**Q** 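Would you mind keeping the following structure in view while I ask a few things?
What you are looking at is a predicted structure, and each value in this text was computed from that prediction instead of being measured. Here is how names work: the chains are called A, B, and so on, in the same order as the sequence lines, proteins then strands, and each is numbered from 1.
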Number of protein chains: 2
Amino acid sequence: MNPQVLVVEDEDALATLLQYNLEKEGYTVAVARDGEEALIQAEESTPDLVLVDWMLPKVSGIEVCRRLRGRQETANVPIIMLTARGEETDRVRGLDTGADDYVVKPFSMTELFARIRAVLRRIRPGLAEDVIEAGDITMDRVAHRVRRADREIHLGPTEFRLLDYLMQHPGRVFSREQLLDAVWGSDVYVEARTVDVHVGRLRKALNNKEERDPIRTVRSAGYAFDVNA
Amino acid sequence: MNPQVLVVEDEDALATLLQYNLEKEGYTVAVARDGEEALIQAEESTPDLVLVDWMLPKVSGIEVCRRLRGRQETANVPIIMLTARGEETDRVRGLDTGADDYVVKPFSMTELFARIRAVLRRIRPGLAEDVIEAGDITMDRVAHRVRRADREIHLGPTEFRLLDYLMQHPGRVFSREQLLDAVWGSDVYVEARTVDVHVGRLRKALNNKEERDPIRTVRSAGYAFDVNA
DNA sequence: CAACCAGGCTACAGTTTTGTGACAACGACC
DNA sequence: GGTCGTTGTCACAAAACTGTAGCCTGGTTG
């Protein structure tokens with residue numbers, strides 16, 4: 001599905017503004033108010049990008065960076081630092097804080113978006129990809145089309161986003177909660193079992209008889225999309 | 001709709017001049033101030049032609065060329081290089097920079113326009129030809145005529161522009177907002193649902209019974225024009 | 001083996017999104 | 001002023017999609 005962004009910002013107004021604009025731009029957004037919360041959220045929502053304010057309560061922005069880098073699962077997640085003019089130290093300039101880029105406040109949304117796209121493209125080219133292929137399944141995100149072995153697959157919006165997200169991270173197992181966060185959005189509340197139903201629908205749409213089911217169920221853990229093998 | 005041109009030029013005066021004149025000529029223009037921005041913009045605005053200054057901050061014109069060529073989506077976008085006299089090296093002459101043509105500064109707008117038309121006609125006949133065909137539908141942008149299977153289709157101005165825009169980017173899904181921006185203009189405010197109505201009118205005008213509807217509705221996303229297949 | 005889970009599956013009622021006819025406003029033209 | 005073609009909105013109907021509950025199966029556990 002859309003890239004997942006974790007915003008770590010304690011100032012309410014800015015946090016809300018960022019969330020609103022990022023969502024409008026097509027990102028899925030989670031917000032953490034302080035560093036501690038950020039580290040927890042990062043674990044749950046497996047963001048594709050983290051936006052961290054330099055100054056934060058409890059755990060500073062740099063510290064958040066360091067810890068994210070230290071963890072296996074988040075070591076490679078790109079990080080953009082938000083700094084106020086004046087906080088812009090040599091360390092930030094040199095980016096040896098572990099961040100991939102930084103933006104000086106005040107910044108325009110356009111500038112931020114440009115940085116985000118640049119970083120995402122640099123760090124994970126796969127995310128910006130318009131067409132994803134896996135085995136005989138092709139997903140065209142621009143044309144909004146999915147085909148398997150030359151036949152057109154019709155999917156509802158949710159099934160589309162679900163498949164998109166799974167294909168974006170092939171092989172990886174996601175819990176129902178993670179999928180809800182990523183595909184439905186972190187703000188809506190729906191039953192975890194709903195994921196089952198949608199996975200079921202997705203399977204029905206995707207699989208002809210005789211075809212291998214690309215979605216693997218991992219008992220008491222979740223689901224994963226497996227590339228042909 | 002009109003051909004989309006990406007101007008990559010760091011000198012403000014020239015950039016503005018180019019934008020102004022190109023728009024007057026009927027092109028839709030995006031401006032990037034340096035090579036980095038250019039690469040980002042190229043991805044977003046999917047230009048039909050790129051005008052690149054040879055000397056640029058951050059990423060040189062040649063480098064921009066090379067990278068655009070390297071990317072799947074922009075590999076075939078025609079590029080015209082702008083060079084100052086003296087920069088005109090043998091490499092430029094040979095055009096093995098990946099550019100399709102080059103213009104030596106200072107140049108007249110008339111000359112530039114001639115080159116642009118020439119390149120567009122050479123590289124993408126569809127854009128410069130003033131006639132677009134898709135399946136049994138023909139659109140003549142100069143004569144302002146649309147025909148399907150030898151029968152004349154009468155369209156109102158708005159429906160014409162809408163069809164024009166959609167046919168210009170076949171297969172691609174546009175949200176109602178994007179269509180409003182592109183077809184109505186980004187400055188007017190109209191309801192998003194108005195797009196639906198016009199799509200409906202367009203469909204009614206275009207489709208005989210028994211004929212396949214070339215406009216695809218993508219639920220909760222928008223509309224796309226699909227080439228017969 | 002019985003009690004239990006976790007997940008597959010179906011049915012369905014509620015909701016959201018889209019298609020469309022009606023209509024009033026508008027400007028061009030006569 | 002009157003006619004005509006076009007346009008943006010609205011309201012309503014139709015269609016598509018969604019979330020949940022409930023039932024079922026098959027494996028797990030004690």
Side-chain angles (χ1 to χ4, degrees), chain A residues 1 144-146 152-166 173-207 209 211-226, chain B residues 144-146 152-166 173-207 209 212-226:
Chain A
M1 131 115 260
H144 256 262
R145 277 164 172 275
V146 177
E152 176 90 29
I153 306 279
H154 176 83
L155 297 178
T158 307
E159 277 105 51
F160 188 88
R161 290 198 307 272
L162 178 58
L163 178 62
D164 189 357
Y165 187 72
L166 289 174
V173 180
F174 294 99
S175 71
R176 287 157 232 282
E177 286 71 23
Q178 287 176 313
L179 289 174
L180 285 176
D181 259 20
V183 178
W184 275 255
S186 52
D187 41 0
V188 296
Y189 177 72
V190 281
E191 289 295 323
R193 288 298 312 278
T194 300
V195 175
D196 295 16
V197 178
H198 279 276
V199 167
R201 287 172 182 158
L202 186 50
R203 279 174 168 151
K204 185 149 65 176
L206 224 42
N207 307 329
K209 59 200 166 203
E211 280 176 334
R212 198 183 65 87
D213 180 8
I215 301 176
R216 173 168 48 110
T217 303
V218 182
R219 191 159 232 263
S220 74
Y223 298 98
F225 180 92
D226 283 339
Chain B
H144 244 257
R145 280 161 166 268
V146 177
E152 178 85 27
I153 306 279
H154 174 79
L155 297 179
T158 307
E159 279 93 55
F160 186 88
R161 287 199 308 276
L162 178 57
L163 179 60
D164 188 0
Y165 188 71
L166 289 175
V173 177
F174 295 99
S175 70
R176 291 168 176 68
E177 286 72 21
Q178 287 177 308
L179 290 174
L180 285 176
D181 263 17
V183 177
W184 276 256
S186 51
D187 40 0
V188 297
Y189 176 72
V190 282
E191 288 295 322
R193 287 301 310 279
T194 299
V195 175
D196 294 18
V197 178
H198 280 276
V199 166
R201 287 170 182 160
L202 186 50
R203 278 174 168 152
K204 187 147 64 175
L206 225 42
N207 306 330
K209 59 197 166 204
R212 199 183 65 87
D213 180 8
I215 300 176
R216 171 169 51 112
T217 303
V218 181
R219 190 160 237 258
S220 78
Y223 297 98
F225 180 91
D226 282 339

**Q** Measure the distance from CZ on R216(B) to C1' on dA16(D) and round it to the nearest whole Å.
**A** 16 Å

**Q** Expressed in angstrom and rounded to an integer, what is the separation of L180(B) atom CG from dT7(D) atom C1'?
**A** 13 Å

**Q** How close do A205(A) and I153(A) get, counting heavy atoms only, and between which atoms?
**A** O-CD1, 3.4 Å

**Q** In whole angstroms, how far is the C1' atom of dC5(C) from the CG atom of D196(A)?
**A** 13 Å

**Q** Contact between W184(A) and H198(A) at the side-chain level, heavy atoms closer than 4.5 Å - yes or no?
**A** yes

**Q** Is the phosphate of dT20(D), meaning OP1 or OP2, less than 4.0 Å from a side-chain N or O of T194(A)?
**A** yes

**Q** To the side chain of E191(A), which of dA21(D), dT18(C), dG7(C) is closest?
**A** dA21(D)

**Q** Can you list everything that forms a ring-ring contact (aromatic ring centres under 6.0 Å, His included) with F225(A)? Sequence neighbours excluded, please.
**A** none

**Q** Check whether any side-chain nitrogen or oxygen of T158(A) sits under 4.0 Å from OP1 or OP2 of dT18(D), and answer yes or no.
**A** yes

**Q** Is H154(A) near enough to dC17(D) that one of its side-chain N or O atoms lies under 4.0 angstrom from OP1 or OP2?
**A** yes

**Q** I need the minimum non-hydrogen distance between F160(A) and R145(A), along with the two atoms involved.
**A** CE1-N, 4.1 Å

**Q** Applying salt bridge (charged side-chain N to carboxylate O under 4.0 Å, His left out), can you list everything that pairs with E191(B), at least two apart in sequence or on another chain?
**A** none

**Q** Quick check: closest heavy atoms across P214(B) and L206(B), and the distance to 0.1 Å?
**A** CG-CD2, 4.0 Å

**Q** Is the shortest side-chain N/O distance from Y189(A) to OP1 or OP2 of dT20(D) below 4.0 Å?
**A** no

**Q** Write down the atom of V183(B), the atom of L162(B), and the distance for their closest heavy-atom approach.
**A** CG1-N, 3.8 Å

**Q** Any side-chain heavy atom of V146(A) within less than 4.5 Å of one from E159(A)?
**A** no

**Q** OP1, OP2 of dG19(C) versus side-chain N and O of Y223(B): anything below 4.0 Å?
**A** yes

**Q** So, using ring-ring contact (aromatic ring centres under 6.0 Å, His included) as the criterion, who are the partners of F174(A) when residues are at least two apart?
**A** Y165(A), H169(A)

**Q** For dT7(D), does OP1 or OP2 lie under 4.0 Å from any side-chain N or O of W184(B)?
**A** no

**Q** Counting primed atoms plus P, OP1 and OP2 as sugar-phosphate and everything else as base, spell out the protein contacts along nucleotides 24-30 of chain C at 4.0 Å heavy-atom distance: B, S or - for each nucleotide, 5' to 3'.
**A** -------

**Q** Any N/O pairs under 3.5 Å between the protein and nucleotides 22-29 of chain D? List them or say none.
**A**
unit_1	atom_1	unit_2	atom_2	d
dG26(D)	N2	R219(A)	NH2	3.2

**Q** Of the nucleotides dT18(C), dG8(C), dT9(D), which has the atom closest to the T217(A) side chain?
**A** dG8(C)

**Q** L162(B) has an atom CG; how far is it from atom P of dT7(D), in whole Å?
**A** 11 Å

**Q** Taking CZ from F160(A) and P from dA16(D), how many angstroms apart are they, rounded to a whole number?
**A** 19 Å

**Q** Which nucleotide in the set dG19(D), dT6(D), dA6(C) lies at the smallest distance from any side-chain heavy atom of V190(A)?
**A** dG19(D)

**Q** Give the minimum heavy-atom separation between A192(B) and L180(B), together with the two atoms involved.
**A** CA-CD1, 3.9 Å

**Q** Between L166(B) and L179(B), is there a side-chain heavy-atom distance shorter than 4.5 Å?
**A** yes

**Q** Round to the nearest Å and state the distance from R176(B) atom CZ to dT16(C) atom C1'.
**A** 12 Å

**Q** Under 4.0 Å, heavy atoms only, any strand: does V195(A) hit a base, just the sugar-phosphate, or nothing?
**A** nothing

**Q** With nearest nucleotide decided by heavy atoms, which residue, L155(A) or E159(B), maps closer to the 5′ end of DNA chain D?
**A** E159(B)

**Q** Within this structure, what is the CZ-to-C1' distance between R161(B) and dT7(D), rounded to whole angstrom?
**A** 11 Å

**Q** Between dG7(C) atom P and E177(A) atom CD, what is the distance in whole Å?
**A** 10 Å

**Q** Under the side chain to side chain donor-acceptor pair (under 3.5 Å) test against R176(B), which residue among D196(B), D181(B), T194(B) passes?
**A** D196(B)

**Q** Is there a residue in residues 199-206 of chain B whose heavy atoms reach under 4.0 Å of DNA chain D, and which residues are they?
**A** R201(B)

**Q** Can you see whether T217(B) engages R203(B) through a side-chain donor-acceptor pair at a distance of less than 3.5 angstrom?
**A** yes

